[in-house]
Amino acid sequence: MDVIELLESASLLVPEEIATGNDITVGDVWDHLAHDEWQIALNLLEELGDGHPLPLTFWERLAGAAERLHLERSAAWCHRRCSEIRNGVIRADLTLRPVAESRRRTPISGHGELRPMWDIGNLSPTGGVTVSIARLRVEDVPFLEPGGRAAVRLVPLTPSHWRHVEAGRRISMHEDRTVAGTAVVTEVHLPL
């Protein structure tokens, strides 16, 4: 498919009644597609998808269009959303431990991704703590300094390990044996 076909087919997956907080609808997307304003149409579709659950195919088509338009950040975001649909996403409020209490000396990039270990309450067969891995992405800030606090998105490597995690649960982030930060879960969306 070419860019216009990818964007058109993605827009057909958006229910007509959906609107963003700015009252953008799929009709606005079609207006931009009619004028060959593909990047604007892509951006509007991303915004529509961020506010409402849409199928994996929607994000795959947006990723394909972004790649063909050489929009690396949009393509990366759409691929992340595909991963979130496949593996689930846990949103949380993370507070990193200060430099004096942690081995981390550098900030976590808002656009980068870590794959830290998480103590989410699972135990090994012998009763010891077992950690689970989840990709971490910081939201809404360019970086998270040691001692700082921010909203994060976690994408579990093994979603079944996270089935018992609910909003309000406190979990611990580890980059080694020590606790690097503590998060309070705000939302859980795991695949069925």
>> Taking side-chain contact (heavy atoms from CB on, under 4.5 Å) as the definition, give me every residue that meets it alongside Ser160, ordered by chain and number, with sequence neighbours left out.
In response: Thr158
> Do other residues, nucleotides or ligands put more than 12 heavy atoms under 6.0 Å from the CZ atom of Arg177?
Replying inline: no
> Do the side chain of Ser11 and the main chain of Val26 share a donor and acceptor less than 3.5 angstrom apart?
Replying inline: no
>> Could you list the cluster mates of Met1? Members are the ILVMFWY residues connected by side-chain heavy atoms closer than 4.5 Å, either directly or through other members.
In response: Leu6
> If you look only at pairs with a residue in residues 59-69, which of them pass as a salt bridge (Lys or Arg N to Asp or Glu O under 4.0 Å), with sequence neighbours excluded?
Replying inline: Glu60-Arg86
>> Under a 3.5 Å distance rule, please check whether Thr186 uses its side chain to pair with a backbone N or O of Arg91 as donor and acceptor.
In response: yes
>> By the salt bridge (Lys or Arg N to Asp or Glu O under 4.0 Å) test, which pairs, at least two apart or in different chains, include something from residues 159-173?
In response: none
> Got a sec, which residues hit side-chain contact (heavy atoms from CB on, under 4.5 Å) with Ser74, two or more places apart in sequence or on another chain?
Replying inline: Leu42, Asn43, Glu46, Ala66, Leu71
>> Going by side-chain contact (heavy atoms from CB on, under 4.5 Å), name the residues that satisfy it together with Ile24, two or more places apart in sequence or in a different chain.
In response: Thr20, Asn22, Asp28, Leu44, Glu47
>> Please enumerate all residues that pass salt bridge (charged side-chain N to carboxylate O under 4.0 Å, His left out) together with Asp31, with sequence neighbours excluded.
In response: none
> Are side-chain N/O atoms of Thr106 and Arg104 paired as donor and acceptor at under 3.5 Å?
Replying inline: yes
>> Are Ile108 and Phe143 packed together at the side-chain level, in the sense that at least one heavy-atom pair is separated by less than 4.5 angstrom?
In response: no
>> More than 12 heavy atoms of other residues, nucleotides or ligands under 6.0 Å from CD of Glu16: yes or no?
In response: no
> Can you name the residues that form a side-chain contact (heavy atoms from CB on, under 4.5 Å) with Ala183, not counting sequence neighbours?
Replying inline: Ala92, Leu94, Trp118, Ile171
>> The test is side-chain hydrogen bond (donor to acceptor under 3.5 Å, both in side chains); show your working for Ser83 and Arg135 and say whether it passes.
In response: CA-CA 10 Å; Ser83 179; Arg135 260 191 344 215; 2.8 Å; yes
> Taking only residues two or more places apart in sequence or in another chain, which ones pass salt bridge (charged side-chain N to carboxylate O under 4.0 Å, His left out) with Glu5?
Replying inline: none
> If you look only at pairs with a residue in residues 153-162, which of them pass as a salt bridge (Lys or Arg N to Asp or Glu O under 4.0 Å), with sequence neighbours excluded?
Replying inline: Glu84-Arg153, Glu139-Arg153
> Quick one: hydrophobic cluster around Leu157, which other residues, with the 4.5 Å side-chain cut-off, linked directly or via members?
Replying inline: Met117, Val131, Ile133
>> Side-chain heavy atoms under 4.5 Å apart, restricted to Ile/Leu/Val/Met/Phe/Trp/Tyr: what other residues fall into the cluster of Val99, or is it alone?
In response: none
